[in-house]
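What follows is a set of notes on a single structure, which appears directly below.
Sequential numbering from 1 along the given sequence is applied to the chain's residues. Values below: all heavy atoms of this structure, side chains included; hydrogens, waters and symmetry mates excluded. Start at 1 and go down the list; that is how both ligands and their atoms are numbered.
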Amino acid sequence: MKITNARLIVCSPDRNFVTLKIETDEGIYGLGDATLNGRELAVAAYLEEHVIPCLIGRDPSQIEDIWQYLYRGAYWRRGPVTMSAIAAVDVALWDIKGKALNTPVYNLLGGKSREGVLVYTHANGSNIDDAVASVEHHIGEGYLAVRAQSGVPGVASSYGVPKGGKPYEPAERGLPGESLWSTERYLNFAPKLFEAVRKSVGEDIHLLHDVHHRLTPIEAARLGKSLEPYHLFWMEDPTPAENQEAFRLIREHTVTPIATGEVFNSFWDAHDLIRHQWIDYIRMTIVHGGGITALKKAADFAAVYQVRTGFHGATDLSPVTMAAALHFGLAIHNFGIQEHMHHTALTDQVFPHHYKFEAGYMHPGDAPGLGVDIDEALAAKHPYQRAYLPIARKLDGTLTDW
Ligand code: CS2
Ligand code: MG
């Protein structure tokens, strides 16, 4: 088999997605997601100008060799743009291999290790009562694990809380919006939120919370300790992780489990976190971390240290990445949980897929390859629109981590 063509489909069915389609001389094609929220066209140009010309004529079955060719062969390593581009190629090649061998991708990764993939979804409200009601609503839908975020009194806009009753979507069309942040108000408030949520849902539901990189290590340690009575499944991104050693201090002070890694693009971003067991869950994504080939190595390394996966699954990861993550999560032994944030109905229409949710678990389906397709005619009706993630400022105007 030979790669005869590769092309990009950049569309915006309610939000932007960059999709790579690799075609072969046997009529089989594969899809890869190349979406990097707020920087979409940089990855599209990287693929178009620098990667696609090198793919034509290659044997798509040589997934490992093509990965090494794009990673080592570029000389310049890592970075979200490079690694998202490599991931798009890699995932499309796994899709092609599955279709060529007439088997779902999870079978290529060792076969299923479980019957379904435990997922968590997002609950949010502008205050505690609304957040509790939202958690209850998602439990009513069948979720066994729910992330809870709430507006913080005295802070005009909070991470994870939608505006105007719409489902939460981090990117907004136009130039970057601004939100406000107060660590003091948040730290005093967060335990009250989880006291109310835990009281309402009982002991068995898994509760999660995203700090979104906003605390210093000692502040995060205080948060973790204050949340211990409510036994969270995890607190996510308690502090920025460029300095992996920052997590040592948090770890020494609290038994609240820690998840991080949604912004990582290389195994090396997580190397110390894993080998020192400073985290419990690694949140790297297939799309930003270099694809299935790269994440399989990272997950196997994590397994040795009893660190489990909890991959990022927000709406900016397309249904192609969602499908890839579900095949991956069904197969590997040290799977922990998978994030599931619903795409809009229009996005689901553009990307018809076989994956399904039932009673707290998702399943990728048994179609050959990834089991996800793209309706190119519908995609063409929704062209790319510039959009950005917001930025955050402290109450005195200082720019801080969003
Ligand atoms: C988040 C995301 O899902 C999460 O845990 O942190 O909402 C994240 O902010 C976006 O995916 C950024 O693109
Ligand atoms: Mg997050």
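Counting only heavy atoms of the protein, atom 3 (O) of ligand 1 lies nearest to E339 OE2, 2.5 Å. Scanning all protein heavy atoms for the shortest distance to atom 1 (C) of ligand 1 gives Y159 OH, 2.9 Å.
Numbered from 1 in the order shown, with element, the atoms of ligand 1 that lie under 4.0 Å from a heavy atom of E262 read 1 (C), 2 (C), 4 (C), 5 (O), 6 (O), 8 (C), 9 (O). For ligand 1, the atoms sitting less than 4.0 Å from at least one non-hydrogen atom of H212 are 1 (C), 6 (O), 8 (C), 9 (O), numbered in the order shown with element in parentheses. Within ligand 1, counting atoms from 1 as listed, the ones closer than 4.0 Å to a heavy atom of D210 are 1 (C), 4 (C), 5 (O), 6 (O). Atoms of ligand 1 lying under 4.0 Å from at least one heavy atom of W402, given by number and element, are 9 (O). In summary, the atoms of ligand 1 found under 4.0 Å from a heavy atom of L389, numbered by their order in the structure, are 12 (C), 13 (O).
Taking the charged nitrogens against the carboxylate oxygens, E339 and R283 do have a contact shorter than 4.0 Å, which makes a salt bridge. Using a 4.0 Å cut-off between charged nitrogen and carboxylate oxygen, R251 and D280 count as a salt-bridge pair. Under the 4.0 Å criterion applied to side-chain N and carboxylate O atoms, K296 and E64 are not assigned as salt-bridge partners.
A heavy-atom separation below 4.0 Å is found between R147 and ligand 1.
Closest heavy-atom contact between P13 and V350: CB-CG2, 3.7 Å. Across every non-hydrogen atom of A331 and S113, the tightest pair is O-OG, 2.6 Å. Heavy atoms only, all atoms of each residue included: F357 and E141 are closest at CE2-O, 3.5 Å. Considering all non-hydrogen atoms of both residues, E262 and D210 come closest at OE1-OD2, 4.4 Å.
Protein N/O/S atoms nearer than 2.8 Å to the Mg ion (ligand 2) total 3.
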Requested in this report: Could you check Y120 against W234 for ring-ring contact (aromatic ring centres under 6.0 Å, His included), going step by step and ending with a plain yes or no?
Outcome: CA-CA 11 Å; Y120 74 92; W234 76 36; 5.4 Å; yes

Query - Chi angles and distances behind the side-chain contact (heavy atoms from CB on, under 4.5 Å) call for H363, E358 - result: CA-CA 8 Å; H363 194 287; E358 201 189 330; over 6 Å; no

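In this structure, of L36, L208, D316, the residue bringing a heavy atom nearest to atom 12 (C) of ligand 1 is D316.
For the pair R114 and Y361, the cation-pi test (distance below 6.0 Å, angle within 45°) is failed.
Residue contacts with ligand 1, taken as heavy atom pairs separated by less than 4.0 Å, do not involve T315 at all.
Counting heavy atoms from C-beta on, the side chains of F301 and F267 come closer than 4.5 Å.
Ligand 1 has no nitrogen or oxygen under 3.5 angstrom from a nitrogen or oxygen of Y168.
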